[in-house]
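Just so you know, ligand 1 is whichever comes first in the structure, and atom 1 is the first atom listed for that ligand.
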Amino acid sequence: MFKMEQTWRWYGPDDPVSLQDVKQAGATGIVTALHHIPHGEIWTIEEINKRKAEVEKEGLKWSVVESITVHESIKTRTGNYKEYIEKYKTSVRNAAACNIPVITYNFMPVNDWTRTTLSYKMPDGSLALYFNWVDLAVFDIYILKRKNAETSYSENIATQAEERYKNYSKHQLEALADVVMAGIPGEKKGSTKEMLKKLELYADIDADSLRDNLCYFQKEISEAAEESGVKLAIHPDDPPFPILGLPRVVSKASDFSYFLNKVDNSVNGVCFCTGSLGASADNNLPQMVKDIGEKIHFLHLRNVAKDEEGNFYEADHLGGDNDMVAIVKEILTLQQEYNKSLPFRPDHGHQMLDDLKKKTNPGYSAIGRLRGLAEIRGLELGLLETLKA
Ligand code: DNO
Ligand code: MN
């Protein structure tokens with residue numbers, strides 16, 4: 001029976017969670033990126049091998065690259081985009097030359113994942129990441145002051161945002177802005193002015209043109225990946241719906257079938273992130289696992305709990321709205337069908353126990369993810385028994 005490969009995201013030598021900690025959590029694979037290389041620039045074989053040696057010295061394996069970030073000019077297909085695509089292809093070939101089997105990336109305009117609070121208190125005292133529409137509207141309308149922002153929210157949300165804005169202290173507003181603009185961990189924080197400038201780049205780009213830009217990019221990099229022998233895994237939009245007036249094209253089943261058909265190359269695949277996809281009630285996750293099938297190259301397993309307004313927090317891995325039993329069962333069935341093991345990582349976890357006293361990367365503290373990994377490992381063992389029968 002094929003088991004999933006247990007992996008762990010590690011931010012490199014500066015990560016407060018060490019490789020020894022990772023081993024104690026029971027993971028065997030590492031998911032990492034060269035965060036010191038500037039956005040858009042080439043990952044050299046030398047730099048990749050240096051990181052690889054650090055990982056292997058601890059008896060671990062570099063299983064997945066997450067992420068080689070995609071430059072804004074590629075997403076907008078403007079300026080030096082051709083040059084950036086060539087650089088990206090070189091990084092892809094170099095990662096392949098170093099025998100790393102999978103590369104993850106995303107195609108979210110401007111920001112990576114977006115939340116409005118990084119310390120939403122759970123009833124047990126642990127802290128979770130949280131997304132709230134009213135807070136996003138407060139940021140958008142009153143802090144960012146984006147043109148036409150008011151009209152992009154329902155009247156109900158806009159009214160609540162006006163009220164909340166009046167009640168928030170200066171400190172609360174600053175904290176909110178920091179969280180929404182945090183972008184990819186490891187990147188320096190931007191100002192609202194910079195963010196408005198970035199949003200402006202998308203003024204004439206609707207979902208259809210962003211989709212075209214994505215397929216153009218995928219066609220280019222898939223060829224490089226296929227020749228050099230590495231798989232690509234696109235991470236879904238998080239959250240999986242448009243925010244801040246930006247288009248989104250990696251959010252739902254029809255998005256996946258579009259680009260997987262259009263760029264029909266076996267290396268062109270998906271990082272199936274249950275936490276991201278599960279934040280939309282429209283996504284049927286076990287069905288999506290079946291439909292995407294062998295094009296799933298990597299898994300992020302975590303959970304979310306939504307309310308009627310579409311706000312959500314990151315729940316315990318086996319709690320929340322995602323039916324993890326059904327999802328993992330589909331994944332295991334898929335693995336037996338295609339005779340392979342997919343790498344998964346517990347994605348985010350709650351900040352809990354001793355980690356509450358520590359400075360951690362949001363979502364990436366040790367103990368919460370250790371708990372998630374252990375729970376999923378147990379779930380897998382149980383399900384494999386039922387599949388054998
Ligand atoms: C959120 C995280 C993301 C992810 C990148 C992949 O769920 O997993 O930060 O790593 O979007 O490119
Ligand atoms: Mn994810």
Side-chain angles (χ1 to χ4, degrees), residues 7-12 15 30-35 37 39-40 43 63-72 74-75 88 91-92 95 102-116 118 128-131 179-187 214 217-218 221 231-241 243 246 248-251 256 269-280 283 285 288-289 292 296-304 312-315 317 320 322 324 327 331 342-350 360-365 368-369 372-373 376:
T7 74
W8 186 278
R9 190 179 203 170
W10 183 60
Y11 281 105
D15 194 324
I30 287 294
V31 175
T32 189
L34 303 181
H35 297 283
I37 296 192
H39 189 41
W43 289 25
S63 304
V64 179
V65 166
E66 180 178 349
S67 307
I68 304 182
T69 53
V70 180
H71 198 271
E72 231 54 37
I74 297 179
K75 295 181 215 162
Y88 203 99
S91 299
V92 166
V102 184
I103 298 170
T104 301
Y105 64 101
N106 73 74
F107 217 73
M108 288 179 248
V110 182
N111 243 0
D112 195 305
W113 51 269
T114 303
R115 297 288 183 273
T116 54
L118 302 178
L129 309 191
Y130 179 60
F131 178 92
V179 173
V180 178
M181 295 195 298
I184 309 164
E187 281 218 344
L214 170 63
F217 172 66
Q218 284 183 329
I221 59 167
K231 289 185 187 124
L232 301 168
I234 190 167
H235 188 282
D237 304 323
D238 183 4
F241 34 75
I243 49 164
L246 293 164
R248 296 283 222 195
V249 295
V250 194
S251 296
F256 289 98
V270 172
C271 165
F272 196 82
C273 177
T274 58
S276 299
L277 295 166
S280 163
N283 286 331
L285 272 57
M288 286 175 85
V289 172
I292 302 174
I296 296 179
H297 294 156
F298 180 34
L299 301 152
H300 285 181
L301 301 181
R302 70 176 159 88
N303 222 322
V304 280
F312 64 88
Y313 65 84
E314 299 189 356
H317 288 75
N322 286 338
M324 294 307 275
I327 294 167
I331 293 164
L342 289 168
F344 86 94
R345 63 178 185 84
D347 213 6
H348 310 159
H350 289 171
T360 59
N361 281 321
Y364 290 94
S365 49
R369 284 188 292 161
L373 177 61
I376 295 165

Task: Heavy-atom nearest neighbour of atom 7 (O) of ligand 1 within options Arg302, Arg9, Glu314 - done: Arg302
Open item on the list: If the cut-off is 4.0 Å to any non-hydrogen atom of Asp112, which atoms of ligand 1 fall inside it?
Closed with: 3 (C), 5 (C), 9 (O), 11 (O)
Task: Atoms of ligand 1 close to Tyr364 [distance to a heavy atom under 4.0 angstrom, numbered from 1] - done: 2 (C), 8 (O)
Task: Per-atom contacts of ligand 1 with His300, taking only distances under 4.0 Å to non-hydrogen atoms - done: 8 (O)
Open item on the list: Please list, in number order, the atoms of ligand 1 under 4.0 Å from a heavy atom of Arg345.
Closed with: 8 (O), 10 (O)
Task: Within reach of ligand 1, part of Asp238 (heavy-atom separation under 4.0 Å) - done: side chain
TODO: Give a yes/no on ligand 1: does Ser276 have at least one heavy atom closer than 4.0 angstrom to it?
DONE: yes
Open item on the list: Taking the side chain as everything from C-beta on, heavy atoms only, tell me whether His235 gets closer than 4.5 Å to Ser67.
Closed with: no
Task: Point-to-point distance, once rounded to the nearest 0.5 Å, from CE of Met324 to CD1 of Ile376 - done: 5.0 Å
Task: Asn106 side-chain N/O to Asp237 backbone N/O, donor-acceptor pair under 3.5 Å - done: no
TODO: For Met108, counting its heavy atoms only, list the atoms of ligand 1 lying under 4.0 Å from any of them.
DONE: 11 (O)
Open item on the list: Under 6.0 Å between ring centres: does that hold for Tyr11 and Tyr364?
Closed with: yes
Task: Element-labelled atoms of ligand 1 that are located less than 4.0 Å from some non-hydrogen atom of His348 - done: 1 (C), 2 (C), 7 (O)
TODO: Would you check if Ile234 and Phe298 make a side-chain contact, meaning some heavy-atom pair closer than 4.5 Å?
DONE: no
Open item on the list: Less than 6.0 angstrom separating the ring centers of Tyr88 and Phe217, yes or no?
Closed with: yes
Task: Under 2.8 Å: N/O/S of Cys271 next to the Mn ion (ligand 2) - done: no
TODO: Assess Asp347: does it contribute an N, O or S atom lying under 2.8 Å from the Mn ion (ligand 2)?
DONE: yes
- [ ] Would you mind running through ligand 1 and noting each atom that sits below 4.0 Å from a heavy atom of Glu66?
- [x] 4 (C), 5 (C), 6 (C), 8 (O), 10 (O)
Open item on the list: Only N/O/S atoms count here: what is the atom of His300 closest to the Mn ion (ligand 2) called?
Closed with: ND1
- [ ] Could you tell me whether the side chain of Leu301 reaches within less than 4.5 Å of the side chain of Asp347, counting heavy atoms only?
- [x] no
Task: Arg9 with Asp15: basic N within carboxylate O range, under 4.0 Å - done: no
Task: Distance (rounded to the nearest 0.5 Å) between Cys271 SG and His300 NE2 - done: 3.5 Å
Open item on the list: Heavy atoms only, cut-off 4.0 Å: how does Phe107 contact ligand 1, side chain, backbone, both, or neither?
Closed with: neither
Open item on the list: Tell me whether Thr104 has any N or O atom under 3.5 angstrom from an N or O of ligand 1.
Closed with: no
Open item on the list: Heavy-atom pairs closer than 4.0 Å: do any link ligand 1 to the side chain of Arg115, the backbone, both, or neither?
Closed with: neither
- [ ] Examine the proximity of ligand 1 to Thr69 and report which part, side chain or backbone, both or neither, has a heavy atom under 4.0 Å away.
- [x] neither
